[in-house]
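Chain letters run A, B, ... following the sequence lines, proteins first, then strands; residues in each count from 1.
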Amino acid sequence: MPAKNGAAKRGQDGPGTGGIRLVIVESPAKAKTIAGYLGANYVVESSIGHIRDLPSRAADIPPKYKGEPWAKLGVDVDHDFEPLYVINADKKQQVAKLKKLLQDADELFLATDEDREGEAIAWHLREVLRPKVPVRRMVFHEITRDAIRAAVQAPRDLNLRLVDAQETRRILDRLYGYEVSPVLWKKVMPKLSAGRVQSVATRLVVERERERIAFVSAGYWDILGQFIAPARDGDKGDEPRDFQARLVSVDGKRIAQGRDFTAQGVLRGDLRHLDEESARGLADRLTGRPFAVTSIERKPYTRKPYPPFRTTTLQQEASRKLGFSAKHTMSVAQKLYENGFITYMRTDSITLSETAIAAARSQAAALYGSEYIPAKPRVYQTKVKNAQEAHEAIRPAGETFRTPGETGLSSDQFRLYELIWKRTIASQMKDATGQSVSVRITGTSTAGEQAEFGASGKVINFYGFLKAYVEGLDDPDADRDDRERRLPKLEEDDPVTASAVNAEGHSTRPPARYTEASLVKELEEREIGRPSTYASIMGTILDRGYVFKKGTALVPSYLAFAVVQLLERHFFHLVDYDFTARMEDCLDAIARGEAERVLWLRRFYFGEDGDEGLKELVSDLDEIDAKGVSSFPVKGTDIMVRVGRYGPYLDRAGERVNIPEDLAPDELTAEKAEELFNQMSTDRELGKDPETRHPIVAKAGRFGPYVTEILPEEPAGTDKKRKKAAAKPRTASLLKSMSLETVTLEDALKLLSLPRVLGELDGEPVTAQNGRYGPYVKKGTDSRSLQGEEELFTITLEQAKELFAQPKQRGRGAASAPPLRELGVEPATGKPVVVKEGRFGPYVTDGETNASLRKEDQVESITIERASALLAERREKVASGGGGKAKTTPKRRTAKSRS
DNA sequence: CAGTGAGCGAGCTTCCGCTTGACTT
């Protein structure tokens, strides 16, 4: 049989014997490699990841299920949480290709990854392809010729319990995400999201910011001495003689250092806390005094190499050393992978194949000498608890490694490859060894105080793996692993002289903000998220506006504070840091056949023994105080931060001011809040109304820029008569042609003169004014919209009369607007159906029922059949009370609950 | 967060995890 499909990868080993075997893997690049290892009777193709999933939105729901109350969830919660699967739109083509290839195959090998998701992909493939030929499950953990050939010889059956565990995971994530997100839409802001992973990630960032806000810095002082060791016979002059040592204790009492203070700035333990005055005094009293070495402690020093990269450690190092975001690292790595330079980049494994170990060792020996290679290969064991280890570690591909220079790569790909290459080589090299030394020096001050100084040194005798690779640092003050700190040769009782003794002031610092890399690391340690999702989690919390970047630091927005506060108060167990860990335990039990998924999902969703389930929690919307969850006090003030629909603002007894978007929450101190209130005068005074003498100001308001007049303050004891006369200030929105910065007093007076009286018609006054829907003319209760704002000042009574003589342009008048297309008569009802352009875009109507076109519909191509289906769906919805105006109540409720 | 005057087809937003391109910036 000739290869029907050019994209399918056929083996190269000449004509095969026996039947054709179709092997399906997840990744196209992997398919290409594996095809080269198998005979010509193997056809290797990929699924390109998952091929089916729960419907993500209404348009994906098959018509048959549209009416079901659970259709949007895609999970029939009342019938054992039966999931509804649809083939992903972007995989239909690939599924068709696989079906076609299967027609010519005599055997099907499902060779997806050996982990929970891979097992599920294999199962979905079997369900969708419905093979009539024997099906085998084939697994391997490294892509080498031997491993692949061995895998083909030892297939097994699908593990349906593992598939069950995956399905449970999927359903739980759907219920969480699609039930909790709408609560946020109603109580905080539309389009927000909540989920098992992103909500915990957001909470971590928010909690760190809370710690920073609560942090109280403590000041402390210490003393740094410059010392000189005695000259020795036989010195060649290349050994250092001077060194630094820091004050450790005075009269046996240890000096307080930064780590001795709590986050509240309180000193822990009975220590000597030096302030500036005492530190300077002591330094003076020690200057010029004799010192002597009182103790020397030498210890051997060894440092083991770092394990090979997995996804998270690669992201961290690429961030530290190359400044890459998680997303950029993954996209560069993807290219390297596709072009055969590295192994798979989404992995939690640090295991190297035997061929890779051999390649690393021989290359390290060639580059650094055989003395840099340990006798036995190094084997690394993962510490990630929920690791699924379907892949190898991230390493250079192939059975011998290309040096970066041999790859011909450039720029970011070169740099990332070089990082991976060096790390892999180094992981098979010897430990670095040396000596560390700790020295104590004591002297007596002029006042008789016993002062002890300490210094430590590190000498590396053999660099080992550090020759090839040194890990980057998050803390700029920390020492790199290859950094030596040489001390002079010293012996006990050696006299040393102090060339300088200086007091130094310090203050404790709040915990550092997360970066993308450190947040990913934290999530991995807490077993939350997977290698394939770490980068996109960062994308999600950035896109939702939960965090923003300041340099590389992740700063939470007040929106995130509001969302996290809501979740903590009303869904605490869902954002508990152990939630995922408990879920994993349960999924493992399901995979072992020791737990029943329906019971577990039922408890989660419907509750048990008085514990509320998710369903009940998301229904009790009245329980959630929208204003409360969106309010935070500013420390030490009576000012509240509130998160409104238009962003965060400060509220002090009704007086309000916006918070700048880029202001980090921990920078909003009482002073800063005060400053914002003082700056509030973005209000610009334009001058005084020549008639009333009232000041006229331009302001930025809820509905955009506007002008208003400032009325004189009412005297305290106003009588009734005056109160009645007390007028509201005139206000008017700026025209679109004006701006807050350039509007003049003349403009303002013109605007405030509205409404303009044009005259009288039919015994009623006719006025021109600006309103909610733009400029219009009004006659009694009748009105007509105007074309442009300028017409407000130019329209005559005569022109207005003409307008009132015509029917309204919109509203009922719209019926006379010509349709975009006529689709003909609907067979079911006999009514003519047309397509019209409306306020929300194109829709079809039979004159009574209207239905919007969906995303997949086009005005030009929609058929009467499709229109009829849309109308039928709409009629049913209205009849069941689910659609139409009855549903506008949530809006009111939202507004009410927020005010 | 200023508060003015209609009457109109709503429908959608969202999760996590597995994969690439096809898109736009």
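- If you check every strand for non-hydrogen atoms under 4.0 Å, A:G529 touches sugar and phosphate atoms only.
- In this structure, A:I171 atom CD1 and B:dT14 atom P are separated by 22 Å, rounded to whole Å.
- Base engagement by A:K191 is indicated by at least one non-hydrogen atom pair under 4.0 Å involving a base atom.
- The side-chain contact (heavy atoms from CB on, under 4.5 Å) search around A:S753 returns none, not counting sequence neighbours.
- Stacking between A:Y178 and B:dC15 is absent: the ring centroid is not both under 5.5 Å from the six-membered base ring centre and under 30° in plane angle.
- Spacing between atom CG of A:N88 and atom C1' of B:dG17 amounts to 11 Å, rounded to whole angstrom units.
- For B:dC15, the OP1/OP2 oxygens have a side-chain nitrogen or oxygen of A:Q198 closer than 4.0 Å.
- Residue A:L184 is classed as having no contact, given no heavy-atom separation below 4.0 Å to the nucleic acid.
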Protein heavy-atom contacts under 4.0 Å, written 5' to 3' over nucleotides 19-25 of chain B as B (base), S (sugar-phosphate only) or - (none), form the string BS-----
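- Separating the CG atom of A:D348 from the P atom of B:dC18 is a distance of 9 Å, rounded to the nearest angstrom.
- A:E848 meets the side-chain hydrogen bond (donor to acceptor under 3.5 Å, both in side chains) test with A:K831; sequence neighbours excluded.
- For the residue pair A:E26 and A:S46, no side-chain donor N or O sits within less than 3.5 Å of a side-chain acceptor on the partner.
- OP1 and OP2 of B:dC16 both lie 4.0 Å or more from every side-chain N or O belonging to A:R530.
- A:A194 comes within contact range of the sugar-phosphate backbone alone, with a heavy-atom separation under 4.0 Å but no base atom that close.
- Residues satisfying the side-chain contact (heavy atoms from CB on, under 4.5 Å) criterion with A:I862, sequence neighbours excluded, are A:R821, A:L823, A:V835, A:V844, A:L853, A:D857, A:R866, A:L870.
- Between B:dC1 and A:R652, no contact under 4.0 Å exists linking OP1 or OP2 to a side-chain N or O.
- By the neighbour-count criterion of 12 heavy atoms within 6.0 Å, atom CD of A:E127 is densely surrounded, having more than that number from other residues, nucleotides or ligands.
- Computed from coordinates, the A:Y706 OH to B:dT4 P distance equals 13 Å when rounded to whole Å.
- In this model, the phosphate group of B:dC16 is not approached by any side-chain N or O of A:T533 to a distance below 4.0 Å at OP1 or OP2.
- Residue A:R116 is classed as having no contact, given no heavy-atom separation below 4.0 Å to the nucleic acid.
- Residues passing the side-chain hydrogen bond (donor to acceptor under 3.5 Å, both in side chains) test with A:Q94, sequence neighbours excluded: A:E45.
- Residues meeting the side-chain hydrogen bond (donor to acceptor under 3.5 Å, both in side chains) test with A:S325, sequence neighbours left out: none.
- Among the heavy atoms of the strands lying under 4.0 Å from A:S181 is at least one base atom, whether or not backbone atoms are also near.
- Among the protein residues, A:Y649 comes within range of no part of the nucleic acid, since none of its heavy atoms lies under 4.0 Å from any strand.
- When heavy atoms are screened at a 4.0 angstrom cut-off, A:R170 is found touching base atoms of the nucleic acid.
- Heavy atoms of A:R196 sit under 4.0 angstrom from primed sugar atoms or phosphate atoms, though from no base atom.
- Within 4.0 Å (heavy atoms only), A:R52 reaches no atom of the nucleic acid at all.
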